[in-house]
Amino acid sequence: MTISLPEDKRIVILEHLRKFFNKQSCKIRDFARLIGTLNSICRTVAYGFVYIRDFERKKFLACIDSNNDYDVRMMLPTSLQPDFRWWLHRLRSPPIERPLLRRKFSHVIFSDASPSGWGASMGRKQTHGWWSDQDRDEHINFLELKAVEYALRSFGIDTSIFSTHTTRRASFSAAARRGISIEDIRKTAGWSPNSSTFANFYNRPVMPSTDVARTIILNFYLRLHFVLYLV
């Protein structure tokens, strides 16, 4: 089962992108509308969300400078050109589609935190605890992530193997082995186009995929991105 972009919509968006590609400035409102359009099709374009991140940043800064007046014109710096080119390249060749993710996990861990304590469940198993006086002074985002760590330990997961950085390293290494371009990996990680960080520190052998490993990666991914969104 796949999700796809209708051909008529693909053509309209492609033409819209071509017009912006040649512009040096535009109204903030028009740029925001373009971002909204691209955001609406990101589910069908792999890594689409990564390639609107810099667009969002420029729009955000323009809104600050204009005191949120969307009719003010903003500059479109040349630094956005690679992202425009990426979108033009992706939308030139139909069909634009992606398979729907349908995975079954043998174990799924849920965790949550409050200012007083934390709790987690895995199937019929449950665990919880209370924060120390020192922990209570921490930000709730920190406590959310700490709850994930405590949950993994409580359910017998070796957190010396499955930690935040090892999960990030494994996911990027697995992506490279599946044929994802180094450009997309760098862009997703927020590294510069010429960065050697992946080659030096992240491109490592990946242990065989297991239900437990996928569960841990899913839990860390969802919790971390939720916290980053709040920040």
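The figures that follow rest on heavy atoms only: side chains count, while hydrogens, waters and symmetry mates do not. Here the structure is a predicted model, which is why all the values come from computation and not from measurement.
Atom-to-atom distance recorded for K146:NZ and W131:CH2 is 6.5 Å, nearest 0.5 angstrom. Taken to the nearest 0.5 Å, the CD1 atom of I3 stands 6.5 Å off from the OG1 atom of T44. In this structure, the separation between CD1 on I13 and CZ on R90 is 15.0 Å, given to the nearest 0.5 Å. In this structure, E56 CD and F31 CZ are separated by 8.5 Å, a value rounded to the nearest 0.5 Å. The distance from the CG atom of L34 to the NZ atom of K59 is 11.0 Å, given to the nearest 0.5 Å. Interatomic distance, CG of D83 versus CZ of R85, reported as 9.5 Å (0.5 Å rounding).
In this structure, W118 has its ring center closer than 6.0 angstrom to the ring center of Y150.
In summary, the side chains of S114 and S116 do present a donor paired with an acceptor at a separation below 3.5 Å, with no hydrogens or angles considered.
The backbone N or O of R73 sits nowhere less than 3.5 Å from a side-chain atom of R29 that would complete a donor-acceptor pair.
A salt bridge links E7 with R10; the closest basic N to acidic carboxylate O contact falls under 4.0 Å. In summary, D30 and R33 engage in a salt bridge, as defined by a charged side-chain N under 4.0 Å from a carboxylate O. The residues D54 and R57 are annotated as not salt-bridged, no charged nitrogen and carboxylate oxygen being separated by less than 4.0 angstrom.
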Verdict with supporting geometry, E15 and K19, salt bridge (Lys or Arg N to Asp or Glu O under 4.0 Å): CA-CA 6 Å; E15 288 302 315; K19 292 178 181 178; over 6 Å; no
